[in-house]
Structure formats: structure tokens, C-alpha cells
Amino acid sequence: MTEIGAPIQGVTLYSFTRAFHGREYDLESLIRKVAAEGYGPGLEIIGFSSFRGFPTIEPTFAGWFKDLVAEVGLVTTSLAVNADIGIHRDRLLTQPELIEYMSRQIEAAAALGFPIARVQISLTPDSMEQLVPIAEKHNVTLALEVHADQYASHPRILALRDRYEKIGSPLLGFTMDWGATTVGFAPSAIEAYRRRGASEELLSAVVALWNDYFEQGPPANQEVHGRRFGSFIGLAAQHGRPELGIDFGINGTGLFGPARVNDWLEIMPWIRHVHGKFFGIDENGEEPSVPVRDLVKLLVENGYTGAISSEYEGWHWNYWQSPFEIIAGEQAVQRSAAIDAGSHMITDAAEARAALAAHLAKTVTNS
Amino acid sequence: MIPDRIIEQGTLTTTGARASVEVRIPWYRALPGSCISGAKLTIDGVAAPVESLRWGMNGREFTFDELATNVDEWWFPLDSATLSGDLAVSPDAEHTVDVDLTLYIPYIIISDSETLHIDEHDHKTMTAVQA
């Protein structure tokens with residue numbers, strides 16, 4: 001019987017992209033706001049978004065950053081790093097170049113005090129295996145993000161899991177992104193299309209098409225994924241709004257994943273970090289398209305004591321509401337769900353630090 | 001993404017023969033020069049000749065051919081870049097400005113050899129300032 005878990009509350013600064021990009025907050029003032037308004041204690045940052053010159057991190061900067069995080073009482077969880085294998089216009093990175101590219105970012109995570117580096121799907125099982133010595137050298141856990149249009153039982157994810165099992169390193173795992181297991185096309189995205197003049201008939205058709213794919217479950221392979229993408233484009237064209245087609249396709253297949261919540265059980269012991277992906281909060285204070293309560297319950301019941309970074313993605317289209325209130329609303333749902341599941345979300349920094357260290361030290365066993 | 005922020009309001013300047021405008025990245029993270037694959041600057045409906053376009057970033061000026069191979073200079077999300085080209089624009093008058101941008105997203109690989117690119121566009125009206 002698994003002991004129930006108490007996940008750590010937290011946020012990724014990605015949620016505040018509009019405010020940071022709009023120069024309303026710089027890095028320091030945003031971190032101070034996150035702490036002061038209680039979005040932590042967990043703090044996740046995307047290296048290439050927030051740190052000028054990344055992945056080069058000067059020691060004086062790293063010192064300033066770690067002092068700031070300690071002063072405001074936050075706990076660094078994951079540094080999101082990128083596998084930019086298409087960085088050259090004429091070719092993809094070679095395998096040695098990719099390993100070097102990732103190594104520099106893993107080193108940056110350690111320098112900045114992040115125990116986890118979120119890595120991405122283009123890393124193969126071989127790449128993950130090659131990165132183990134780098135992870136060990138810097139004591140950084142590599143948590144590969146399972147993001148729509150992938151999902152836990154996708155063959156590529158299972159191949160990674162099987163390799164992790166064979167290697168047996170506690171520093172290899174996954175980041176669970178809730179966008180893989182949504183239950184609807186986000187109403188706030190539909191509202192944004194409405195504001196761009198899309199007809200009610202077209203909007204109903206988009207929702208109905210997504211619901212059909214939800215019934216069918218996640219795409220079995222890239223061919224099915226491509227067909228679904230194309231069908232959203234076709235729908236926009238049929239309704240005389242072809243310019244909306246790509247956007248429907250990207251969101252309908254790449255943001256709102258149709259796998260079931262229980263699919264996460266395939267990789268549950270290897271989940272080292274969570275992106276609490278969501279898109280909005282409705283008039284009842286609930287997330288209408290992400291089953292936040294079911295996901296928190298699943299984590300609690302399976303003994304998860306790592307961090308959940310609230311990851312608000314509605315900022316892409318929602319320019320009319322404050323992200324700060326929406327994120328506070330989603331975290332309230334998480335806390336309520338954890339209590340309903342007989343546990344709680346950790347909001348105390350010292351408790352979070354200890355819980356995260358214990359969580360990352362766990363080795364997956366086959367017992 | 002945030003295409004409505006590409007053109008910075010009030011930054012159109014003219015030397016008489018050349019015009020320039022400040023632009024923001026419509027993306028959440030820094031990208032290197034190699035991922036800034038093309039731009040178009042159109043003022044009052046007239047596009048600047050492609051060969052005259054220059055990209056100013058991190059205190060340097062680049063042609064788009066130079067950007068194509070540059071993985072050392074990065075466009076940070078808080079920084080304004082400058083797009084300039086040969087266009088005669090009268091100062092102290094109002095003009096329409098259109099900017100098109102093509103960016104490669106280097107971590108999203110959509111086939112064995114193809115990287116995702118995004119085409120973004122912004123349109124604003126502003127008064128030109130004499131440089």
C-alpha cells in the first residue's frame with residue numbers, strides 16, 4: 001500500500017510571460033511578487049526566457065540569484081532547459097553536439113541551485129543514457145517532459161521508461177504535463193476566437209471535433225496526429241476562416257491532449273516533477289478543461305511528494321484577464337483537491353525543501 | 001504568442017533615405033540569430049527592398065545572411081531589436097508600419113529534417129521622428 005503524498009505547491013515564471021515580456025516586472029520583482037503573494041514555495045524558471053546569456057551563468061549572478069531565492073523564502077525546483085537540435089539552419093545537431101548543448105544547461109541548473117532540469121522529447125533513450133554521467137557530476141535530476149501530443153503510454157515515452165528501468169539511475173525521470181490529459185477545448189481559447197470574429201457555428205464545430213477525438217483517445221501515431229491536425233485546418237476553411245486553421249490545429253492537438261488521467265500510471269514511479277498545466281478558471285472557480293482535482297488526487301494517492309509548478313498557458317490568447325488572479329484560483333483548486341484526497345499541498349518552504357530532497361532521492365524499485 | 005507587440009509604438013525613425021523601427025520578439029524565450037530567418041518592413045504600403053534590410057541586435061548590425069549562421073548573438077525576450085531598410089519616409093507625419101517576421105523554433109522538430117517556423121505579423125500607425 002502506497003503512503004499518500006503531499007505535493008509541493010509552486011509556479012513556473014512561464015505563467016507570467018505576458019507581464020515579464022511586457023516589462024511590467026523584471027526577474028527580481030517577479031520573483032519577489034511570487035513569494036509575497038504566495039504562489040510558491042516551488043519556483044521553476046525557463047533558462048532561455050529569464051536569464052540573459054543563458055546557458056552561460058556568471059558566478060556572481062548565480063550568487064545573487066540564490067541569495068534572492070533564499071531571502072524571499074522560495075525553493076528552486078526545476079530549471080526548464082531546451083534541446084535546440086534545430087539551432088542550425090541547414091542541419092540538425094550531431095549527437096556529440098547535442099550532448100554538449102545539454103551538458104552546459106545541466107551545469108547551469110546546478111550553478112543556479114535547481115535540483116531538476118526539465119528536458120524535452122527530442123532526447124532519445126540513448127541521449128538520456130549518455131547524459132547520466134553529466135547528471136551525476138552535477139547532481140541534477142533529468143525530468144523529460146511528457147507533453148501533448150505525447151502521453152504516458154505513447155511508445156516513445158514507454159521506450160524511455162524501459163531504458164530508465166534498465167539503467168536504474170535515480171537521476172532519470174519524467175515531468176508530467178497535465179496538458180496531455182485534458183477533457184475539453186479550453187473555453188477561454190474559444191472566447192478568444194469569438195473575439196476574433198469566429199461564428200458560433202464554427203466554434204461549436206471546433207468543440208465537437210475535439211470531443212470526437214477525446215472519445216477516440218490520444219493519437220496512436222504521428223500519422224493519426226497529422227490527420228487530426230489537418231481536420232482542424234479543414235474545418236476552419238469550410239467555415240470561411242482559413243486563417244484560424246493552423247491555430248485550431250496547434251491548440252487542438254498540441255495543447256489539449258485527450259489521454260485519460262489514469263494513463264499516467266504507466267510512468268508514475270518515474271514522475272519527478274509536474275507541470276500543473278492549465279488554461280483558465282471559470283465562474284465557479286474551477287478549471288473547465290483540465291481535470292485538476294482528479295490529477296491532484298492521482299498524485300496524492302500514488303505517494304507523490306515532488307513539486308507541482310502551476311503552468312498557466314492561457315496567456316497566449318487571454319489578454320483581457322490578469323494572469324495573477326487566474327493562477328491564484330488554480331492553486332486554490334489544487335489545495336482543495338489535496339485536502340479532499342486526505343492530504344494537503346506543502347506551502348511551507350522548509351517543509352518543501354525536505355520533501356523535495358526526499359522525493360528526488362527515491363530510487364524506483366520493482367517491488 | 002504575442003504578435004501584437006512586435007512593433008514598438010512610437011519608434012519609427014527616418015534619416016530621409018532609410019527608415020527603422022524597434023521590434024520585440026513575439027515568443028517567450030531567447031532565440032539566436034540563426035533562428036531569425038527573415039523580415040519584411042512595409043511603410044505606407046511600400047516594402048523596403050529585401051537587400052537593404054538590416055537587423056540591429058546587441059549593439060551590432062547584421063544582414064539576414066549573416067544572421068543565418070550566427071548562434072552566438074541571441075535575441076533576449078526583454079530586448080528591442082531594430083529593423084531598418086531603404087524607404088523614404090517624411091518626418092513628423094503619420095505612417096502605417098507593417099512588420100513580418102519569420103522565426104525558427106529550434107526545439108520543435110516536425111520531421112526528420114524540418115524545424116518548425118512561425119510567421120508573425122504586426123501593424124501599427126505612428127509618427128516618424130527625424131533620426
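Chain A is the first sequence line, chain B the second, and so forth, proteins listed ahead of strands; every chain is numbered from 1. Nothing here was measured: the structure is a model prediction, and the numbers come from that model.
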Visitor: Please check if the side chain of Arg18(A) supplies one atom and the backbone of Ile2(B) the other of a donor-acceptor pair under 3.5 Å.
Guide: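 Side chain of Arg18(A) to backbone of Ile2(B): no pair is present.
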Visitor: Side chain, backbone, both or neither: which part of Phe16(A) has a heavy atom under 4.5 Å from chain B?
Guide: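 Interface part for Phe16(A): neither.
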Visitor: Considering all heavy atoms of both residues, which atom of Asp79(B) and which atom of Arg52(A) are nearest to each other, and what is their separation?
Guide: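 Looking at all heavy atoms of both residues, the shortest contact is OD2-NH1, 2.5 Å.
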Visitor: Of all residues at least two apart in sequence or in a different chain, which pass the ring pair (Phe, Tyr, Trp, His ring centres under 6.0 Å) check with Phe229(A)?
Guide: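 For Phe229(A) there are no ring pair (Phe, Tyr, Trp, His ring centres under 6.0 Å) partners, ignoring immediate neighbours.
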Visitor: May I ask you to list the residues in residues 45-55 of chain B that approach chain A closer than 4.5 angstrom, counting heavy atoms only, ordered by number?
Guide: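 Contacts with chain A: none.
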Visitor: Ignoring hydrogens and geometry, is there a side-chain-to-backbone donor-acceptor pair from His21(A) to Ile25(B) under 3.5 Å?
Guide: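 Yes, the answer is positive, given that a donor and an acceptor are paired below the 3.5 Å cut-off.
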Visitor: With side chains defined as the heavy atoms from C-beta onward, is the minimum distance between Ile87(A) and Tyr104(B) less than 4.5 Å?
Guide: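 No. Closest side-chain heavy atoms not under 4.5 Å.
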Visitor: So, applying side chain to side chain contact (heavy atoms under 4.5 Å, CB included) with Ile109(B), which one of Leu92(A), Ile121(A), Asp84(A) is it?
Guide: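 When side chain to side chain contact (heavy atoms under 4.5 Å, CB included) is applied between Ile109(B) and each of Leu92(A), Ile121(A), Asp84(A), only Leu92(A) qualifies.
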Visitor: Could you please state which residues from residues 26-38 of chain B sit under 4.5 angstrom from chain A, measuring non-hydrogen atom to non-hydrogen atom, sorted by number, or 'none'?
Guide: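 Near chain A, by residue number: Trp27(B), Tyr28(B), Arg29(B), Ala30(B), Pro32(B), Gly33(B), Ser34(B), Cys35(B), Ile36(B), Ser37(B).
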Visitor: Identify which part of Ile46(A) has an atom lying under 4.5 Å from any heavy atom of chain B, answering side chain, backbone, both or neither.
Guide: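 Side chain of Ile46(A) only, per the 4.5 Å heavy-atom cut-off to chain B.
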Visitor: Report which part of Tyr319(A) has an atom under 4.5 Å of a heavy atom belonging to chain B: side chain, backbone, both, or neither.
Guide: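 Neither part.
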Visitor: Where does Trp315(A) contact chain B at under 4.5 Å (heavy atoms): side chain, backbone, both or neither?
Guide: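 Trp315(A) touches chain B through side-chain heavy atoms alone.
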Visitor: If you round to the nearest 0.5 Å, how far is CD1 of Ile108(B) from CD1 of Ile85(A)?
Guide: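 CD1 of Ile108(B) is found 11.5 Å from CD1 of Ile85(A).
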Visitor: Identify the two heavy atoms, one from Tyr107(B) and one from Ser122(A), that lie closest to each other, and give their separation to 0.1 Å.
Guide: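 Looking at all heavy atoms of both residues, the closest pair is O-OG, 4.3 Å.
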Visitor: When only heavy atoms count and the cut-off is under 4.5 Å, which of residues 114-125 of chain B reach chain A?
Guide: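 Only Thr115(B) of residues 114-125 of chain B have a heavy atom under 4.5 Å from chain A.
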